[in-house]
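To keep things clear, I will list the structure first and then write my remarks on it.
Not measured: the values here are computed from a predicted model. Quick note on labels: first sequence line is chain A, next is B, and so on, each numbered from 1.
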There are 2 protein chains.
Amino acid sequence: MKRGDSDCEALLTRLDCFVRLSSEQRAAIMNACFGPHYIVRAKADFLRQGDRMSGLHVLTKGWAYRLLMLPDGRRQIAGFLVPGDICMTEVPDMRLDFSLSSLTDSHYLHLGNQALDRLRVAYPAVREGLAIHNHVAGAILRNWVLNLGQRNAFERIGHLFCEMLIRLRCIGMAQNDGYHFPVTQIELAEATGLTPVHVNRTIQDMRARGLVSLQNRELKILDFARLANLVMFDATYLHPVAGGCAQDG
Amino acid sequence: MKRGDSDCEALLTRLDCFVRLSSEQRAAIMNACFGPHYIVRAKADFLRQGDRMSGLHVLTKGWAYRLLMLPDGRRQIAGFLVPGDICMTEVPDMRLDFSLSSLTDSHYLHLGNQALDRLRVAYPAVREGLAIHNHVAGAILRNWVLNLGQRNAFERIGHLFCEMLIRLRCIGMAQNDGYHFPVTQIELAEATGLTPVHVNRTIQDMRARGLVSLQNRELKILDFARLANLVMFDATYLHPVAGGCAQDG
DNA sequence: CGCAATATTGAAATAAGTCAAACCGTGTGG
DNA sequence: CCACACGGTTTGACTTATTTCAATATTGCG
């Protein structure tokens, strides 16, 4: 489903996390985003494994996740996407090896290869911003591997909570140490390679220790310093701007 | 340590897996590879977490792995690199979130951003080849996540064996269903998020079932079809050229 | 109101981890 | 040429984190 108005702000906000954009550059990006904008409702696959894609898809509103499946039905979430995240690294007409599924009502937009090229040629900062975003996305994925391979249940879940806090702060979607977290325990289990039952028990444990509160999809990290320490969270791989938000010098 | 002669073939072989290169393009790439070539001996970190990098580093000889570490010493291997693999996605002056360590004596070369840009502008095929390589590297990483999150010990190890067979075939480094596999059981454990003891028992199991033989760092997959089926290996995410090798049309 | 999707709890089962020792090939040095 | 040290592999016995199964709350929603 298409929409006319522009959700381009989310992309600008994101690039602002990494590079300084002039108003001319912002305008040019806005301009390039004239292409199709899509709206998708909660709990829907909007890009499917096997689809051929080119250009760049950017999530501009809502939450989504990247899903890999085994033929026998086992499901692994390999990343959560929030506004400004790029759904897939830009490739000429390649088949997707994963699906993208929305957690909430979401919007995304598509940038064609030509428009993108023009932007990059005209504005090196755009190019750099996209490159950094791409690198950070890779770092997040590598840390997901570290998570699954080396951390236990408590650490996996705690680390994810910390990571999402920093990522959401960067795009202005966190309040202090809390944020809207539209992920069920079942999905959390699919993301962490655990059982829903065990995820539940682990979260209870966190609550009992006074580390987090989680109810009605609202997550609050009650003692970030202690949690981050317990799960060995170090935000440098996210290259967050100082203070966790975009406004610097 | 630097060398003068060119290991550029490995890069060409790899790009050949994805795009058709004219002899002019091959020559231009060779030419661009005039930059520093490095030689590193077995079991050495040659790029370190925290290092600032730019341009592209290509492994041209030997095996290496990408390592992530936790402050308490836990180690997770997040990928094996073989000749033609790119060590890190091209980024302007970014800090590495992982280390690269050689398993065998290895070579790698560095391509500066300018040289790379020139190549890409002059030869779209080079650009496309690099983009596809990048995409496949991402797919491999995502499948590693799937592996760690959803597969059991047997499936994880078996899947890795299958994946490396296809990847090595594509660059002409496999004989039939066997290949040199310079990875100790300890490293295999670090890659699969298991214990060396458990890796050992699992491999014994594979041997007992007549699926693989592994001795003196030589791995032979005795029944690829059955193994691939048991561990649910499907090579499409590697985008291998038909037949698993570069020579088509 | 009442279904359907989540969350929670308990008890029993199991894959994988831990600890610790023995084994093996191989290269080195006396 | 033997001894011995080293890195890697193998084996056994025991522990534990996580899964499984199954039942019972709870919540959101049409």
Side-chain angles (χ1 to χ4, degrees), chain A residues 41-44 63 65 70 72-77 101-105 147-159 180-208 212-219 230-231, chain B residues 41-44 63 65 70 72-77 101-104 147-160 180-208 212-219 230-231:
Chain A
R41 62 186 59 242
K43 310 268 170 188
W63 281 59
Y65 59 81
L70 252 20
D72 67 356
R74 280 178 268 177
R75 293 158 56 90
Q76 177 65 40
I77 290 175
S101 198
S102 58
L103 283 162
T104 65
D105 292 344
N147 240 355
L148 291 172
Q150 298 300 323
R151 285 193 246 250
N152 63 24
F154 184 94
E155 294 165 333
R156 286 183 213 179
I157 295 172
H159 190 274
H180 183 64
F181 186 69
V183 180
T184 68
Q185 292 185 5
I186 296 173
E187 287 149 351
L188 203 42
E190 291 172 350
T192 52
L194 298 165
T195 285
V197 173
H198 199 57
V199 166
N200 183 279
R201 293 197 235 263
T202 306
I203 291 176
Q204 311 260 353
D205 181 24
M206 288 182 176
R207 287 200 261 245
V212 307
S213 81
L214 175 57
Q215 56 210 296
N216 296 101
R217 314 277 115 111
E218 292 298 322
L219 179 70
L230 279 171
V231 304
Chain B
R41 64 186 57 242
K43 310 266 169 193
W63 281 59
Y65 59 82
L70 252 19
D72 66 356
R74 279 178 269 176
R75 294 158 55 89
Q76 177 65 40
I77 291 175
S101 198
S102 58
L103 283 162
T104 65
N147 238 356
L148 291 172
Q150 298 300 323
R151 284 192 246 250
N152 63 25
F154 184 94
E155 294 165 333
R156 286 182 213 180
I157 296 172
H159 190 272
L160 178 60
H180 182 64
F181 186 69
V183 179
T184 68
Q185 292 186 6
I186 296 173
E187 288 149 349
L188 203 41
E190 291 173 349
T192 51
L194 299 165
T195 287
V197 174
H198 199 59
V199 166
N200 183 277
R201 293 197 235 262
T202 306
I203 291 176
Q204 311 260 354
D205 181 23
M206 287 182 177
R207 288 200 261 246
V212 307
S213 81
L214 174 58
Q215 55 210 298
N216 296 101
R217 313 278 114 111
E218 292 298 323
L219 178 69
L230 278 171
V231 305

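- Using a 4.5 Å heavy-atom threshold, the side chains of Phe181(B) and Leu188(B) count as touching.
- Once rounded to the nearest 0.5 Å, the distance linking CZ of Arg217(A) with OG1 of Thr184(A) reads 6.5 Å.
- In this structure, CD of Glu187(A) is placed 13 Å from P of dA5(C), rounded to the nearest angstrom.
- In this structure, the CZ atom of Arg201(A) is 9 Å from the C1' atom of dT8(C), given to the nearest Å.
- No donor-acceptor pair under 3.5 Å is formed between the side chain of Arg151(A) and the backbone N or O of Arg156(A).
- In this structure, Ile186(B) CD1 and Thr195(B) OG1 are separated by 11.5 Å, a value rounded to the nearest 0.5 Å.
- Atoms CZ (Arg74(A)) and P (dA15(C)) sit 13 Å apart, rounded to a whole Å.
- Mapping Phe154(B) and Arg217(A) onto DNA chain C by nearest heavy atom places Arg217(A) closer to the 5' end of the strand.
- Taking the side chain as every heavy atom from C-beta outward, Leu194(A) and Ile157(A) approach each other to under 4.5 Å.
- The Leu194(B) side chain lies nearest to dG17(C) when the options are dT8(C), dC19(C), dG17(C).
- The local environment of CG in Asn216(B) is sparse, with at most 12 non-hydrogen atoms from other residues, nucleotides or ligands closer than 6.0 Å.
- Residue Ile186(B) is the one, among Gly193(A) and Ile186(B), whose nearest nucleotide of DNA chain D lies closer to the 5' end (criterion: closest heavy atom).
- Taking 4.0 Å as the cutoff to heavy atoms of chain B, we find the contact window on DNA chain D bounded by dG8(D) to dA13(D).
- The CD atom of Gln185(B) sits 18 Å away from the P atom of dC23(C) (whole-angstrom rounding).
- Atom NE2 of His198(A) and atom P of dG10(C) are 16 Å apart (whole Å).
- Put simply, NE2 on His159(B) and CG on Leu148(B) are 11.0 Å apart, with the number rounded to the nearest 0.5 Å.
- Formation of a donor-acceptor pair under 3.5 Å by the Glu218(A) side chain with backbone atoms of Gln215(A) is not found in this model.
- Residue contacts shown for Arg156(B) are absent, as no nucleic acid heavy atom lies under 4.0 Å away.
- Among the protein residues, Thr195(B) comes within range of the nucleic acid bases, having at least one heavy atom under 4.0 Å from a base atom.
- Across all strands, Arg151(A) comes closer than 4.0 Å to no nucleic acid atom at all (heavy-atom distances).
- Taking atom CG of residue Asn200(B) and atom P of nucleotide dA22(C), one finds them 17 Å apart after rounding to whole Å.
- Between its two ends, the helix from dC1(C)-dG30(D) to dG30(C)-dC1(D) turns its axis by 30°, counting five pairs per end and rounding to 10 degrees.
- At distances below 3.5 Å, at least one donor-acceptor pair connects side-chain atoms of Gln150(A) with backbone N or O atoms of Arg75(B).
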